[in-house]
Amino acid sequence: MRRAIYPGSFDPVTNGHLDVVDRARKLFDEVIVAVAHNDQKQPLFTLDERLELLQATIGGLERVRIAPLEGLLVKFALEQQAIAVVRGLRAVSDFEFEFQMALMNRKLEGAVETIFLMPKEEYTYLSSRIVKEIARLGGDIAKFVPPSVVEAFNRKRTS
Ligand code: ADP
């Protein structure tokens, strides 16, 4: 069983994330989408909301699991018997941070490999941060995120 972990904040999940999940599923028998608490980033959606939005979007896919990410990523990967960590690379701007993380994770645990996947070009400009910004300013985000995320933003606006 070749298993990979795809970690992130997913605040909220976008079509770019879904593209990476699709690609990862072609390479691995199982993909665990692991959602980090990430209190430092002060997420807009709570951990439970982010898990639910992923569940609503890709929860039905075979060979995909969604789980909260507790503690150190490489430790979680070993516990889950995963052989790889998958990350998305959109542009050179992602590279420096991702490279540092990948090498640090290798230092911490040599058995877990990091794999970078490039999304379709149309998703290279897409991030959760920019989606939140567009939504805050009243723009239409329907092209960038799954329908359940559009609904979640509408609920937040009216609550
Ligand atoms: P993090 O806070 O860990 O960066 P994100 O949810 O922002 O969490 O991203 C999780 C992973 O998905 C990262 O590897 C990021 O580069 C990747 N990612 C985010 N948006 C896209 C996108 N549009 N296309 C490809 N990869 C993406």
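Each ligand, and each atom within it, is numbered from 1 in the order the structure gives. The figures that follow rest on heavy atoms only: side chains count, while hydrogens, waters and symmetry mates do not.
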**Report entry** Heavy-atom check, side chain of Asn15 versus side chain of Tyr123, under 4.5 Å
**Finding:** yes
Requested in this report: Spell out, as yes or no, whether a donor-acceptor pair under 3.5 Å connects the side chain of Arg90 to the backbone of Leu126.
Outcome: yes
Query raised in the report: Which protein heavy atom lies closest to atom 2 (O) of ligand 1, and at what distance to 0.1 Å?
Result: Lys41 NZ, 2.4 Å
Query - Subset of ligand 1 atoms that lie under 4.0 Å from at least one heavy atom of Leu126 - result: 20 (N), 21 (C), 22 (C), 23 (N)
Query - Identity and distance of the protein heavy atom lying nearest atom 16 (O) of ligand 1 - result: Gly88 O, 2.7 Å
Report summary line: min-distance protein heavy atom vs atom 9 (O) of ligand 1 -> His17 NE2, 3.5 Å
Requested in this report: Could you see which bit of Glu98 sits under 4.0 Å from ligand 1, with heavy atoms only: side chain, backbone, both or neither?
Outcome: side chain
Report task. Using modelled atom types only, decide if a donor and an acceptor are shared between the side chain of Lys156 and the backbone of Phe45 within a distance under 3.5 Å. Result -> no
Query raised in the report: Hey, is the main chain of Phe10 close enough, under 3.5 Å, to the side chain of Ser128 for a donor-acceptor pair?
Result: no
Query raised in the report: Which residues satisfy the side chain to side chain contact (heavy atoms under 4.5 Å, CB included) test with Leu27, sequence neighbours excluded?
Result: Leu117
Query raised in the report: What pairs with Glu98 under side-chain hydrogen bond (donor to acceptor under 3.5 Å, both in side chains), at least two apart in sequence or on another chain?
Result: Arg87
Query raised in the report: Nearest to atom 20 (N) of ligand 1, what protein heavy atom do you find, and at what distance?
Result: Arg90 NH1, 3.2 Å
Report task. Could you tell me the residue and atom name of the protein heavy atom closest to atom 17 (C) of ligand 1, and the distance to it rounded to 0.1 Å? Result -> Tyr6 OH, 3.6 Å
Query raised in the report: Considering the options Gln81, Arg65, Arg63, which one meets the side-chain hydrogen bond (donor to acceptor under 3.5 Å, both in side chains) requirement together with Glu30?
Result: Arg65
Report task. Give the atoms of ligand 1, by number and element, whose distance to some non-hydrogen atom of Tyr123 is under 4.0 Å. Result -> 22 (C), 23 (N), 24 (N)
Query raised in the report: With atoms numbered from 1 as shown, which atoms in ligand 1 lie under 4.0 angstrom from a non-hydrogen atom of Gly8?
Result: 3 (O), 8 (O), 10 (C)
Query raised in the report: Can you tell me if Arg50 uses its side chain to pair, donor with acceptor, with the backbone of Pro68 under 3.5 Å?
Result: no
Query raised in the report: So is Asp19 close enough to ligand 1, meaning a heavy atom under 4.0 angstrom away?
Result: no
Report task. Measure the distance from atom 3 (O) of ligand 1 to every protein heavy atom, then report the residue, atom name and distance (to 0.1 Å) of the closest one. Result -> Arg87 NH1, 3.0 Å
Query raised in the report: Does Ala36 approach ligand 1 within less than 4.0 angstrom via side chain, backbone, both or neither, non-hydrogen atoms only?
Result: neither
Requested in this report: State the atoms of ligand 1, each with its element, that fall below the 4.0 Å cut-off from a heavy-atom position in Phe10.
Outcome: 6 (O)
Query raised in the report: So do Arg106 and Glu113 actually touch side chain to side chain, heavy atoms under 4.5 Å?
Result: yes
Query raised in the report: Among all protein non-hydrogen atoms, which one is nearest to atom 8 (O) of ligand 1, and what is the separation to 0.1 Å?
Result: Ser9 N, 2.9 Å
Report summary line: So the atoms of ligand 1 within less than 4.0 Å of a heavy atom of Val20 turn out to be 25 (C), 26 (N)
Query raised in the report: Taking the six-membered ring for Trp, are Phe99 and Phe116 ring centroids under 6.0 Å apart?
Result: no
Report summary line: atom 24 (N) of ligand 1 sits nearest the protein heavy atom Pro119 CG, 3.2 Å
